[in-house]
Protein chains: 2
Amino acid sequence: MALEHAILVSLLEKPGSGYELARRFERSIGYFWTATHQQIYRVLKRMEADGMLAVREVPQQGRPDKKEYSVAAPGRALLSAWLHELIEPESMRHDLAVKIRGAAFDDPAALVREVERHRAVHRDRLAHYLAGELRDFTGPDAPTPLDAGQELQHVVLRGGIAYERMTIAWLDDILATLHRLAAAPPAG
Amino acid sequence: MALEHAILVSLLEKPGSGYELARRFERSIGYFWTATHQQIYRVLKRMEADGMLAVREVPQQGRPDKKEYSVAAPGRALLSAWLHELIEPESMRHDLAVKIRGAAFDDPAALVREVERHRAVHRDRLAHYLAGELRDFTGPDAPTPLDAGQELQHVVLRGGIAYERMTIAWLDDILATLHRLAAAPPAG
DNA sequence: CTTGCCTATGCAACTCGTTGCATAGAAAGA
DNA sequence: TCTTTCTATGCAACGAGTTGCATAGGCAAG
């Protein structure tokens, strides 16, 4: 159950509403975790009922009121306990890999456009991460020196960058393989 | 719902029982997808009821009988339809990244052992993948030339290898960052 | 001879995560 | 003016995935 923990971290970094959290999960936190607003609202409600979070109703002008959540002491203790637990390393979980192995029983060439589409998405993500890195950590407008929290955010972002670069190189490898198979005589 | 598709691919590569599938999901298929035996049994039962799979009772000596599943024509059509669909690229989803950002609100140094543990797991996985690559694709006992299915399995395995290498490099980056933070004065 | 592991299948209960839908006021563009 | 988009929250239903437990014979180590 890591969504709880991701929410705690995000709210410690900055308190906010469910809606704001959902947008963060499309951006910085979403580099390594995704969640829809329904999931977030549901978990926020449960965590608040359990005393992990505090809520504050914030009236707004020209837009609906919001509920601003922040981390209460028990929530902080929960996060701390989790940080000291050992968690299992995760695997890749790529639908695309299933498709590629499945293509052996169908038409491999039909996958080319799909792989190219994925490549474009990952290329855009990489560009987005690199722009964020320049803006927040390595560019002229970035704070110097970085504090511990920023250093930790930066190393996570570097992970996202490395992941996208690796993925793009792999997708290129897949495309080269598909083209080789399409060019070669179809028997073995 | 990709577990269905992963099962179809695995059964097309070789028919087998739920138990055998569960073990494959710990190995080759598990490079990029995981599933427990309960999940697999449940999905197999549903897919068989839907006519996607055929079952054959296989009596065995010295061990319990097993149900050997194989892909029926509708299952093959289902897989083919999925292969021609466009799927969304996935994100990383690393618990560890959440922990690292959370460490800013706790003790960063306490994460060192956890990161080192993950590094050891990924190092072992990489060694395992490289051994498999040598055995099945690049070594002297590998078939030459590879057929299309083997080429596709190889490119998926290369993805796993690239992923593990990238992950190990990132974990080293994290360790270096944690040591730097521990050595530096704790203020900003 | 007892404990634990391997093969083999399965139920029950639960949480996690997705999809579709609904509400509702404000702003911006066609 | 009409439609779309943005902010903001939420329900209902379903499917995906996890955890604990149960059964049951064979095999091997202590």
Is it true that B:Leu146 and B:Ile161 fall in one hydrophobic cluster, defined by side-chain heavy atoms closer than 4.5 Å?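 Yes.
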
To the nearest Å, how far apart are [X] [atom1] and [N] [atom2]?
{"X": "A:Met47", "N": "C:dT15", "atom1": "CE", "atom2": "P", "result": "15 Å"}
{"X": "A:Trp33", "N": "C:dT18", "atom1": "CH2", "atom2": "P", "result": "10 Å"}
{"X": "B:Leu3", "N": "C:dT18", "atom1": "CG", "atom2": "C1'", "result": "16 Å"}
{"X": "B:Ile7", "N": "D:dA16", "atom1": "CD1", "atom2": "P", "result": "10 Å"}
{"X": "B:Phe25", "N": "D:dT18", "atom1": "CZ", "atom2": "P", "result": "12 Å"}
{"X": "A:Leu21", "N": "D:dT7", "atom1": "CG", "atom2": "C1'", "result": "14 Å"}
{"X": "A:Glu4", "N": "C:dC16", "atom1": "CD", "atom2": "P", "result": "7 Å"}

Listed by chain and number, what are the side chain to side chain contact (heavy atoms under 4.5 Å, CB included) partners of B:Leu44, not counting sequence neighbours?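 For B:Leu44 the side chain to side chain contact (heavy atoms under 4.5 Å, CB included) partners, ignoring immediate neighbours, are B:Ile7, B:Leu11, B:Leu21, B:Ile40, B:Leu53, B:Tyr69.
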
For D:dA16, does either OP1 or OP2 sit under 4.0 Å from a side-chain N or O belonging to B:Arg46?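 So the side chain of B:Arg46 is within the cut-off, an N or O lying under 4.0 Å from OP1 or OP2 of D:dA16.
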
Taking only N and O in the side chain of A:Gln39, is any of them less than 4.0 Å away from OP1 or OP2 of C:dG17?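 Yes, because at least one side-chain N or O of A:Gln39 sits under 4.0 Å from OP1 or OP2 of C:dG17.
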
In Å, rounded to the nearest 0.5 Å, how long is the span from OG of B:Ser17 to CD of B:Glu20?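 Rounded to the nearest 0.5 Å, the OG-CD separation comes to 3.5 Å.
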
Can you sort out the partners of [X] under ring-ring contact (aromatic ring centres under 6.0 Å, His included), two or more places apart, ordered by chain and number?
{"X": "A:His118", "value": "none"}
{"X": "B:Phe25", "value": "none"}
{"X": "B:Tyr41", "value": "B:His37"}

Return a table of donor-acceptor pairs under 3.5 angstrom between the side chains of residues 120-132 of chain B and protein atoms on other chains or two or more places apart.
{"unit_1": "B:His122", "atom_1": "ND1", "unit_2": "B:Glu164", "atom_2": "OE1", "d": "2.5"}
{"unit_1": "B:Arg125", "atom_1": "NH1", "unit_2": "A:Glu90", "atom_2": "O", "d": "3.1"}

End-to-end bend of the helix from C:dC1-D:dG30 to C:dA30-D:dT1 (five-pair axes, 10° rounding)?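 Both end axes considered, the difference amounts to 30°.
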
For residues 48-57 of chain B, which residue pairs qualify under salt bridge (Lys or Arg N to Asp or Glu O under 4.0 Å), counting only residues two or more places apart or in two chains?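 Every salt bridge (Lys or Arg N to Asp or Glu O under 4.0 Å) pair that includes a residue of residues 48-57 of chain B, provided the two are not neighbours, is B:Arg56-B:Glu68.
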
base_contact_polar (D:dG15 base, B:Arg42 side chain, donor-acceptor, <3.5 Å):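 Between D:dG15 and B:Arg42, which were checked side chain against base, a qualifying N/O pair under 3.5 Å is absent.
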
I'd like a table of atom pairs between the protein and nucleotides 7-10 of chain C - only N or O on both sides, under 3.5 Å - with the distance next to each one.
{"unit_1": "C:dT7", "atom_1": "OP1", "unit_2": "B:Arg23", "atom_2": "NH1", "d": "3.3"}
{"unit_1": "C:dT7", "atom_1": "OP2", "unit_2": "B:Tyr19", "atom_2": "OH", "d": "2.8"}
{"unit_1": "C:dT7", "atom_1": "O5'", "unit_2": "B:Tyr19", "atom_2": "OH", "d": "3.4"}
{"unit_1": "C:dA8", "atom_1": "OP1", "unit_2": "B:Gln60", "atom_2": "OE1", "d": "3.2"}
{"unit_1": "C:dA8", "atom_1": "OP1", "unit_2": "B:Gln60", "atom_2": "NE2", "d": "2.5"}
{"unit_1": "C:dT9", "atom_1": "OP1", "unit_2": "B:Lys67", "atom_2": "N", "d": "2.9"}
{"unit_1": "C:dT9", "atom_1": "OP2", "unit_2": "B:Tyr19", "atom_2": "N", "d": "2.8"}
{"unit_1": "C:dT9", "atom_1": "OP2", "unit_2": "B:Tyr41", "atom_2": "OH", "d": "2.9"}
{"unit_1": "C:dT9", "atom_1": "O5'", "unit_2": "B:Tyr41", "atom_2": "OH", "d": "3.4"}
{"unit_1": "C:dG10", "atom_1": "OP1", "unit_2": "B:Lys67", "atom_2": "NZ", "d": "2.5"}
{"unit_1": "C:dG10", "atom_1": "O6", "unit_2": "B:His37", "atom_2": "NE2", "d": "3.2"}
{"unit_1": "C:dG10", "atom_1": "O6", "unit_2": "B:Gln38", "atom_2": "NE2", "d": "3.1"}

Only counting residues at least two apart or in another chain, list the ones meeting side chain to side chain donor-acceptor pair (under 3.5 Å) with A:Arg119.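 A:Arg119 satisfies side chain to side chain donor-acceptor pair (under 3.5 Å) with A:Asp172 only.
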
